[in-house]
Amino acid sequence: MTQPQTLQITLLGATGSIGSSTLDVVARHPDRYQIYALTANTNVDEMLSLCEQWQPRYAVMNDVDSAAELDRHLQAKNSQCEVLSGESGLLQVVNDEAVNCVVAAIVGAAGLVPTLAAAEAGKRVLLANKEALVMSGKLFIDTARASDAVLMPVDSEHNAIFQCMPDSLTRHHSSVKMTNQQDDAGIERILLTASGGPFRTWSTEQLHDVTPAQAVNHPNWDMGKKISVDSATLMNKGLELIEAYWLFDMDIANIDVVIHPQSVIHSMVTYSDGSVLAQLGNPDMRTPIAHALAWPQRIASGVEPLNIFDVAKLDFEQPDLSRFPCLRLCYEAIKRGGSATIVLNAANEIAVAAFLDGKIGFNDIAALIEQTLEKAEISEDVSSLEKILEADAMARAISNECILAMH
Ligand code: NAD
Ligand code: MG
């Protein structure tokens, strides 16, 4: 695969945790990468300073008022950067012909439309926004394949799995959905590792009193608030199970979740001859981002080399589905199929926001998702964006009603 001299990048979610790690890697390789467009939701101050530093052609604020404010500031500084807003602005900078790489790092369902558009436009898509794939599943993979998009997983586990897959599967297309070739490749199982989060050893009673501040304080990774809470409930691992199912076309029965508290092995693939391949490294998202940017080449990421002697020990445990019912709900939703995973994802987003707002407790997150899945009508037709967004909106309405009933 040949790469253009300089990759022109649209970075969706520039002000977030993945956004800033991406810019850190890009800054190390000005000859290879240029920032064409930056996007954010409402954080005008941060966007202003990023625009001054990166001088993108476009800056997009999802929020219209924030866009107007950013525009005023940039005009006062005689900036050449054009400010756009809302979904149309996001779609414009994704579809722009000058762009060949889109980093999908918006959090949650809000990222679905532009991320799917990037796949449809046949770009190199660096997928961090796992919720977009969880929601659109087959539609997303089919869209990426039809347009010949290069779909690169940024999520550290999926990036690790990708790296442990044979070249014969990843050479032509990064989305590794080639079932009959997988038989020859002898792939048997995926071992999806999880740190276990900050409450790995806590009892259900202790989990009852968890505060938002405790939940966002992850032991190994520095991440946005939503994914930090998801890591604490193990919902993140459940979403990743669904993500792996779609990306690698693996039967869910052949994907094992392995609790590995050190977060040094980022996932493994087992083969029919007894080999187990693992990808190791310090827990720093700049490694998978650099890999996904440069593949099939390798570039420096700024990540400290792993000192295996400091690590010394690698532990592995089974996940406990009774203390962490979110993971069980994910297994059930993927087996149920249809819109169940869309409902699950929407209910989780509502539940996490309510938990961070102090409206519900930590254990209520799983309870709310379960109630929403029981009440929602699960539809079999999830073949269009319209149907997916419909299921998402319906689930959010049910979850909000359930929260009111909890009080
Ligand atoms: P974050 O909260 O730090 O950043 C989110 C970004 O999305 C911000 O730039 C924000 O402005 C933008 N955004 C939020 N709502 C938006 C909306 N309605 N419209 C447009 N833009 C919006 O989140 P993060 O931790 O960087 O995570 C981003 C995505 O990457 C998530 O899907 C997460 O699951 C995934 N991911 C993150 C990590 C990590 O280490 N942070 C690791 C793996 C996967
Ligand atoms: Mg991950």
Side-chain angles (χ1 to χ4, degrees), residues 1 3 7 18 21-22 25 28-29 32 101 103-105 124-130 133 141 144 149-179 181-182 184-195 220-221 236-237 240-250 254-258 260 262-308 311 314 316:
M1 166 160 315
Q3 273 197 20
L7 222 51
I18 293 290
S21 292
T22 303
V25 177
R28 294 165 195 276
H29 305 280
R32 294 184 70 121
C101 174
V103 180
R124 185 184 187 96
V125 183
L126 270 60
L127 183 73
N129 182 199
K130 66 192 84 184
L133 179 57
I141 296 294
V150 173
L151 180 55
M152 296 299 298
V154 166
D155 212 346
S156 56
E157 296 76 6
H158 305 76
N159 185 269
I161 295 162
F162 180 91
Q163 293 196 47
C164 296
M165 289 282 182
D167 276 0
S168 56
L169 291 191
T170 54
R171 193 183 314 133
H172 302 296
H173 208 286
S174 58
S175 122
V176 196
K177 280 185 72 80
M178 297 177 204
T179 312
Q181 281 190 39
Q182 271 185 19
D184 291 343
I187 295 165
E188 297 225 308
R189 306 185 75 76
I190 285 177
L191 307 183
L192 187 70
T193 55
S195 70
N220 304 345
W221 297 93
N236 183 50
K237 212 45 56 182
E240 290 183 358
L241 197 68
I242 302 168
E243 189 184 5
Y245 169 83
W246 289 115
L247 281 175
F248 303 110
D249 195 23
M250 219 43 194
N254 294 333
I255 309 177
D256 298 321
V257 172
V258 178
H260 164 48
Q262 289 90 358
S263 296
V264 165
I265 294 181
H266 300 306
S267 279
M268 298 173 258
V269 176
T270 75
Y271 287 87
S272 51
D273 61 4
S275 299
V276 182
L277 301 193
Q279 187 260 358
L280 286 74
N282 280 318
D284 186 322
M285 290 307 293
R286 290 176 299 173
T287 294
I289 291 167
H291 174 268
L293 276 172
W295 178 86
Q297 297 169 3
R298 297 264 179 180
I299 55 169
S301 65
V303 175
E304 284 287 303
L306 179 69
N307 184 329
I308 205 90
V311 176
L314 299 172
F316 305 102

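- Interatomic distance, Leu277 CG to Ser267 OG, rounded to the nearest 0.5 Å: 12.5 Å.
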Requested in this report: With side-chain contact (heavy atoms from CB on, under 4.5 Å) as the test, would you mind laying out the steps for Val269 and Val276 before giving the verdict?
Outcome: CA-CA 6 Å; Val269 176; Val276 182; over 6 Å; no
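- Residue Trp295 comes nearest to Val150 through the heavy atom pair CZ3-CG1, 4.2 Å, listed as atom of the first residue, atom of the second, then distance.
- Using a distance-only test at 3.5 Å, with no hydrogens or angles considered, a donor-acceptor pair links the side chain of Asn282 to the main chain of Glu304.
- For Arg124 (side chain) and Ala149 (main-chain N/O), no donor-acceptor pair under 3.5 Å exists by modelled atom type.
- Across all non-hydrogen atoms, the minimal contact from Asn159 to Pro153 is ND2-O, 3.0 Å.
- Remark: side-chain polar atoms of His260 are paired, donor with acceptor, to backbone N or O of Ile265 under 3.5 angstrom.
- The CG atom of Leu247 sits 10.5 Å away from the CD atom of Glu240 when rounded to the nearest 0.5 Å.
- In this structure His29 satisfies the ring pair (Phe, Tyr, Trp, His ring centres under 6.0 Å) test with no other residue, sequence neighbours excluded.
- In terms of the side-chain contact (heavy atoms from CB on, under 4.5 Å) criterion, residue partners of Thr22 (sequence neighbours excluded) are, by chain and number, Leu11, Ile18, Val26, Val103, Ile289.
- Rounding to the nearest 0.5 Å gives a distance of 5.0 Å between SG of Cys101 and CG of Leu126.
- By the ring pair (Phe, Tyr, Trp, His ring centres under 6.0 Å) test, His266 pairs with Trp221, sequence neighbours left out.
- Of all the heavy atoms in Val25 and Ala300, the pair that sits closest is CG1-O, 4.3 Å.
- In this pair, Phe248 and His158 present their aromatic rings parallel. The plane angle is below 30°, not in the 30 to 60° band.
- No side-chain donor-acceptor contact under 3.5 Å links Ser263 to the backbone of Asn220.
- Shown here for Arg286 and Gly302, the closest heavy-atom pair between the two residues is NH2-O, 3.3 Å.
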